[in-house]
Amino acid sequence: MIMAKNVSFLDSVNRYFDAAAPHTGLDEGLLKQIKVCNGVYQIHFPVMVDGKVQVIEAYRAQHSNHRSPTKGGIRYSNHVNQDEVVALATLMSYKCAIVDVPFGGAKGGVKINPWEYSEADLEKITRRYTTELIRHKFIGPAIDVPAPDYGTGSREMAWIYDTYRAFYPDDINAAGCVTGKPVNQNGVRGRTEATGRGVFYGIREACNNKELMDKLGLEMGIEGKTMVIQGLGNVGSYTATISQDEGEVKIVGVSEVEGAIYNADGIDIHALLRHRAHHGSILSYPDARIYGKDKRRAVMEFECDILVPAALENQIDANNAANVRAKIIAEAANGPVTADGAAILAERGVVVIPDIYLNAGGVTVSYFEWLKNLSHMRFGRLEKRFDERAYRRIVDQIEATTGKVISDRDRELIVRGGPLHT
C-alpha cells in the first residue's frame, strides 16, 4: 500500500526517469546529463495595469540543447513556478525524442491568471515578456521556439511574433521564432486542434489493440465507449468533439474550473460548449448531475471506460488513484498522473496512455509550421514539387522497363498530373 504524500511535479517526473534509466543501458554520467535542466531564466518585469505598476513573475526553461532550437509552450497561470516550468521542459525533451522531431525541450510560464486581465493588458504583458526573452537570447528561430500552452493561444503567439519582428526587421526567418500563430500570420492549418486530434488517434489505436482490450474486458474499437473529460480548454474540447464526432464515443462527464457534470446517458459536447460560451458555466447544463467547485475533482472518480485529464499536472495521485473507476486513463495534459498514482493504477490493472506520447500532436504540427517558416514556401507548393519528382521517376522507370520513349509533351502532362495527349 502506497501512503499518500505531497510530491512536486518535478519530483514525479524525475522518479519516472529514474525508473526507466536502468533499462537504457546508457552511461551513468550521460543519464545524469539527460536528467538535469540546462538552464532556467527567471524574470521579474513591471507592467502598468489600471494605472498601477504591477511586477510580473515569469520563467523560461531550456531543459536540453542536444538539438537546436529548443521547443515548448508558454503557459499563463497563477500556479506557475520554477519547478513546474522545469518539469514541463523536461517532458518536452522526451516528447520530441519519441516523435523524432529535431528539438530540445523547453517551456515558459508567466505567473498570472489571464482571465483577470483585459486584452490590452495581456498584450502588454506578452510583449514585455517577449522583450525579456529576446534580450537574454531565450527566443529565436535557431535558439528557442515557443508555442501555446495552458492560458495562451494563437493571439498571444501573434503578439510574440510581432514583437520579435520589431527587434529583428531584417531577419528573413523571423516567423520561425514561434509556432501556433494564426494562419494569416504564417501559421498552418490544423495546428489549433492538433494536440486534441493526436489524443483521439492515440486512444483509438489503444482501443484497436485486441490483447489490451481483452485484458481490460472491453470490446474492440473506440465506438460506443464512455469517456470523461477533465478540462475544456483547447486540448480537452477538441479531444471531446473529435471523439464524439469521429469515434462515436459517448461523453458522460465533464469538469471545468467551476465544477463538474455527469450524465450516464451522454452529453452532447457541442451543445455543452455552446452552453458554456453563452452562460459562462457548465453547471447550469440541463439533465446532468451537478458537482460544485469544491467537488470538481470528483470527475476523476466518475464511472467510465476512458478518463481524459486534459487540464493540469498532479490530478491523480496517491490520494485518489484507488478511487478511479476508468479502465483507461489518457494523459492529454502534461503529467496529470503522479508517480505514486501511476504505481497504484498499475497494481489495479488500469492502463495509462502516457502524455509524452499521447499529446505530442501539437509539437509535431509545430515542427511543420517551423519548417514552413524557414522554407518560405506554402505546403501546397512543397507537395506539388514532391509529386512532380515522384511522377518523373515513375515515367523514367516505365521507359527503362519497356524500352519505349514517351513524347516530351506527354511526359510533361504526366509529371504535372494532367491528361495524356491522345
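Residues take their numbers from the sequence shown, with the count starting at 1.
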Hey, are Q42 and Y59 close enough side-chain-wise for a donor-acceptor pair under 3.5 Å?
yes
What side-chain donor-acceptor pairs closer than 3.5 Å can you find for residues 219-229, not counting sequence neighbours?
{"from": "K225", "atom 1": "NZ", "to": "E219", "atom 2": "O", "distance (Å)": "2.6"}
{"from": "K225", "atom 1": "NZ", "to": "G221", "atom 2": "O", "distance (Å)": "2.5"}
{"from": "T226", "atom 1": "OG1", "to": "D305", "atom 2": "N", "distance (Å)": "2.8"}
{"from": "T226", "atom 1": "OG1", "to": "D305", "atom 2": "OD2", "distance (Å)": "3.3"}

Just do the salt bridge (Lys or Arg N to Asp or Glu O under 4.0 Å) check on D355 and K95 with the steps written out, would you?
CA-CA 8 Å; D355 53 347; K95 186 184 305 182; over 6 Å; no
Could you tell me if H66 and S64 have a donor-acceptor pair between their side chains, going purely by distance under 3.5 Å?
yes
Do N359 and E331 touch side chain to side chain, with heavy atoms closer than 4.5 Å?
no
Parallel, tilted or perpendicular: which fits the ring planes of H63 and Y94, with parallel below 30° and perpendicular above 60°?
perpendicular
To the nearest 0.5 angstrom, please state how far the CH2 atom of W159 sits from the CE atom of M157.
9.5 Å
Can you say whether the rings of F302 and Y291 are parallel (under 30°), tilted (30 to 60°) or perpendicular (over 60°)?
tilted
Atom pairs and distances, donor-acceptor, side-chain atoms in residues 138-147, under 3.5 Å, two or more places apart:
{"from": "D144", "atom 1": "OD1", "to": "R60", "atom 2": "NH2", "distance (Å)": "2.6"}
{"from": "D144", "atom 1": "OD1", "to": "T70", "atom 2": "OG1", "distance (Å)": "3.2"}
{"from": "D144", "atom 1": "OD2", "to": "R60", "atom 2": "NE", "distance (Å)": "3.0"}
{"from": "D144", "atom 1": "OD2", "to": "Q62", "atom 2": "NE2", "distance (Å)": "3.0"}
{"from": "D144", "atom 1": "OD2", "to": "T70", "atom 2": "OG1", "distance (Å)": "3.4"}

Roughly how far, to the nearest 0.5 Å, is CG of N14 from OG of S8?
8.0 Å
Would you call E256-R276 a salt bridge at under 4.0 Å N-O?
yes
For the atom pair CG (L26) and CD1 (I34), what is the distance rounded to the nearest 0.5 Å?
5.5 Å
If I take atom OG from residue S366 and atom CZ from residue F103, how far apart are they, to the nearest 0.5 angstrom?
7.5 Å
Salt bridge check, E156 against K124: does any charged N sit closer than 4.0 Å to a carboxylate O?
no
Show your reasoning for whether salt bridge (Lys or Arg N to Asp or Glu O under 4.0 Å) applies to E303 and R325.
CA-CA 5 Å; E303 187 173 349; R325 289 194 275 177; 3.6 Å; yes
Say whether S12 and T338, considering side chains only, have a donor N or O and an acceptor N or O under 3.5 Å apart.
no
Here the pair of heavy atoms bringing P309 nearest to I316 is CG-CD1, 4.4 Å
Can you measure from CD1 (I261) to CD1 (I282) and round to the nearest 0.5 angstrom?
4.5 Å
Would R15 and F17 count as a cation-pi pair here, with the cationic atom under 6.0 angstrom from the ring centre and within 45° of the axis?
no
List the residues meeting side-chain contact (heavy atoms from CB on, under 4.5 Å) with A271, not counting sequence neighbours, and say none if there are none.
D268, R274, Y285
Quiz question: by atom type and distance under 3.5 Å, do the side chains of K71 and T179 form a donor-acceptor pair?
yes
CG on L212 to CD1 on I328, rounded to 0.5 Å
6.0 Å
Sub-4.5 Å side-chain heavy-atom contact between C96 and Y367
no
How far apart are the C-alpha atoms of R296 and E301, what are their side-chain angles, what is the distance that settles it, and do they pass the salt bridge (Lys or Arg N to Asp or Glu O under 4.0 Å) test?
CA-CA 10 Å; R296 65 187 178 190; E301 302 172 19; over 6 Å; no
